[in-house]
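Quick note on labels: first sequence line is chain A, next is B, and so on, each numbered from 1.
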Number of protein chains: 2
Amino acid sequence: MAVTISDVASAAGVSKGAVSLALNGQPGVGEETRQRILEAAKALGWTPSLRARGLKSSKSYALGLVIARNPKLLGSDPFFPAFIAGIETTLAEHEYTLVLTVATAPGAEERAYRKLADGGRVDGVILTDVRHDDSRIGLLQDLKLPAVTLNRPEMPSPFPAVCMDDTDGITAAVEHLIGLGHKRIAHIGGSQAYIHGRSRRHAWEAALTKAGLQADLFVEADFTAPGGVAATEQLLARQDPPTAIVYANDLMATAGQSFAQARGLNVPGDLSITGYDNAEFAQYLNPPLTTIAADPLRWGRAAALVLLSQLDGTHNGEDIELAPPQLVVRASTGPART
Amino acid sequence: MAVTISDVASAAGVSKGAVSLALNGQPGVGEETRQRILEAAKALGWTPSLRARGLKSSKSYALGLVIARNPKLLGSDPFFPAFIAGIETTLAEHEYTLVLTVATAPGAEERAYRKLADGGRVDGVILTDVRHDDSRIGLLQDLKLPAVTLNRPEMPSPFPAVCMDDTDGITAAVEHLIGLGHKRIAHIGGSQAYIHGRSRRHAWEAALTKAGLQADLFVEADFTAPGGVAATEQLLARQDPPTAIVYANDLMATAGQSFAQARGLNVPGDLSITGYDNAEFAQYLNPPLTTIAADPLRWGRAAALVLLSQLDGTHNGEDIELAPPQLVVRASTGPART
DNA sequence: ATCGGCAGCTAAACCGGTTTAGTAATGGAA
DNA sequence: TTCCATTACTAAACCGGTTTAGCTGCCGAT
């Protein structure tokens, strides 16, 4: 970046101001001069420094994303890569980049948001994995950092939300199982600290209640494979074990299915299983996993778009509602044993 | 960021320069004054603007990572999340952040690097998935963007490399299979455009040759699940099908294993299978997958460290060699059928 | 008594852009 | 012919830091 606006200015025989006007398509320079300036800029290979531009405009031209997850778990989560790719499809068309932070240690999350806010590293952040009583929304207000949340928090939040309702998918899964004759349908949920952990549980409960079945087979797990195994073991040890289990994600479902098979159970003969996420590997299991396919790419794209429009003041303040995830029926679900 | 250095200066009754000196621990201010300034800064909640600081120092305090992969595939790849988490563990201790770009469309990759270089958005980049005749290393030299590569490119490269040799792991896998009595050991490789696709193939070849076996059962695939299925089908259709297949990653191994089982083959009774990556789901397959465990977290940490030391001029120019990946034996490999 | 040197601080230049105020030239209307 | 408006441009201020040059007051050495 040795070449600056002054170099271009003197090369074109004009002042710095004229170069700036020409570059940004502002009126104030003649068409002929504008062309001469643009050619000089091209010849010198000049691109304006974002730092200098941002200094004047108080913008950083970057969005932030903080992921607070165990890296080991993250590696099997199909959500974030696709979500991030979605963000990128939006940013590719806007002079913005994404600053990503992975916060593993406890307390690292808040530090991460502060780090992004402090020097003005980002102009806004996208909040994923919203929790029940999420301290981040207060924090971000303190830091005066604009944000978008994935789904609407249960607490009051000044930030627009981009929503994808997971209720429908879980409802469809439960109804699918009921249609197959299952009466004892369990749910192994993710952490209930997350609002998506809760909403999936509530959807499962509601669907069972609506069908006149009891919603008593719930175990809270943590979205990890070992957690899924432990929860599955706990359910299968009951006197009245379930004939079907609705898992809150594919990783737990995979681990649970494997565990049940190792116990000598046939899937789906003895136990039907559903997941959530439609991970790439899910269709290559034995049997292939019935699961719920969200569209994280679209979610990321929409979230970035809303945040950007929020930043330039063109957002109308309303939440966005995206098309809900769909049930994908494969071979891990079958008729209930009679 | 309404509060600036001038506010702090007037609050402490000193000049801007004194505040700067005090903040950065430079000599030139008395101890008493320094304390007064720091207190004023704390009271006002002032943190210096990175933009302004960077304008003077010509630094952005950010590193870049461009991932050129299909998002769908990315979602099942355990490498990048852990690798990124590793980068973060280093950056957390150094006033740097990570700018991530996912380039999906062809041609988007070069645009991504240009976008990072142009406005001076990052001070350096980490190059992953190095290819055989990688155009990026020339590009980065043109852009004058410092870099670190993962493993040493086959072509001349001015950038330091952080290496993790995948040879040992593959060799160990092949020797493990030979020890189990296998004679016909195939390899389903990733794209040979990648140097890690090539090195894995060469390691497989070398191990077989060393044992006096023929290395004729190779199929090039693309690291994807459908690709793994197609390659597996091709191998199993041969007149002399393999009794063991060494896959270049877990996703292809998973898909291949599932395909073989659907064909009625017993794993490992009829066919032994090994993967690469040690994805979280790999141990929850049926049977659990024998695979090769790398340490992407450590790799990311080391890569970021080398790049940072390169940026501040303290790097000695030598490549770093990390501990090689290890074979993890599980139940997808067993004695050869006789 | 005078001078040199140093500690402690301020003023101002500087980084590379954007933006505002101001100037010169041109054209049209009165 | 005079005056005003408009166009095309320049000079300079500005963003918020860092850094250099310079100033002041005090000390010890000559």
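Note that CZ of A/R136 and OG1 of A/T149 are 9.5 Å apart. Values are rounded to the nearest 0.5 Å. Interatomic distance, A/L65 CG to A/L63 CG, rounded to the nearest 0.5 Å: 9.5 Å. Taken from CD1 in A/I87 to CZ in A/F80, the straight-line distance is 9.0 Å, to the nearest 0.5 Å.
The number of heavy atoms from other shown groups lying within 6.0 Å of CZ (A/R152) is above 12.
Distance from the side chain of B/L55 is smallest to C/dC15 among D/dG17, C/dC15, C/dG17. Taking the side chain of A/K56 as heavy atoms from C-beta on, and the options C/dT18, D/dG16, D/dG17, the nearest nucleotide is C/dT18.
The distance between atom CZ of A/R34 and atom P of D/dT7, rounded to the nearest whole Å, is 14 Å. When the C1' atom of D/dC9 is taken as reference, atom CD of A/E32 falls 13 Å away, rounded to whole Å. Rounded to an integer number of Å, the gap from A/I37 CD1 to D/dA8 P is 12 Å. Summarising the geometry, the separation between NZ on B/K59 and P on D/dT18 is reported as 12 Å, rounded to the nearest angstrom. The interatomic distance linking A/R36 (CZ) with D/dA8 (C1') rounds to 12 Å, in whole Å. Rounded to whole Å, the distance from CZ on A/R51 to P on D/dT18 is 14 Å. Taking atom CG of A/L50 as the reference point, atom C1' of C/dC15 lies 15 Å away to the nearest angstrom. Spacing between atom CG of B/D7 and atom P of D/dC15 amounts to 11 Å, rounded to whole angstrom units.
Relative ring orientation between A/F83 and A/F79 is described as parallel, the plane-to-plane angle staying below 30° on a 0-90° scale split at 30° and 60°. In this structure, B/Y194 and B/H196 have parallel ring planes: the angle between them is below the 30° cut-off, well short of the 60° mark.
Residue B/S57 places none of its side-chain N or O atoms closer than 4.0 Å to OP1 or OP2 of D/dG17. Contact annotation: B/R53 reaches the phosphate of D/dT18 (side-chain N/O to OP1 or OP2, under 4.0 Å). Under 4.0 angstrom from either OP1 or OP2 of D/dT10 there lies at least one side-chain N or O belonging to A/S15. For A/W46 and C/dG16, the shortest distance from a side-chain N or O to OP1 or OP2 is not below 4.0 Å. When the side-chain nitrogen and oxygen atoms of A/S49 are compared with OP1 and OP2 of C/dC15, none of them lie within a distance under 4.0 Å.
Near-neighbour residues of DNA chain C inside residues 16-29 of chain A, defined by a heavy atom below 4.0 Å, number-ordered: A/K16, A/G17, A/S20, A/N24.
For the helix from C/dA1-D/dT30 to C/dA30-D/dT1, the angle separating the two terminal helix axes comes to 70°, with each axis derived from five pairs and the value rounded to 10°.
B/R36 and B/E32 are not joined by a salt bridge, as no carboxylate oxygen comes within less than 4.0 angstrom of a charged side-chain nitrogen. The pair A/E31-A/R34 meets the salt-bridge criterion, with a side-chain N (NZ, NE, NH1 or NH2) lying under 4.0 Å from an Asp/Glu carboxylate O. By the 4.0 Å N-to-carboxylate-O rule, B/R53 lies close enough to B/E95 to be salt-bridged with it.
Remark: of the listed residues B/L100, B/I67, B/T101, B/L100 is the sole one forming a side-chain contact (heavy atoms from CB on, under 4.5 Å) with A/I84.
Note on B/T33: only backbone sugar-phosphate atoms sit closer than 4.0 angstrom, heavy atoms only; bases stay farther off.
In terms of position on DNA chain C, the residue among B/A52 and B/E31 whose nearest nucleotide sits closer to the 5' end is B/E31.
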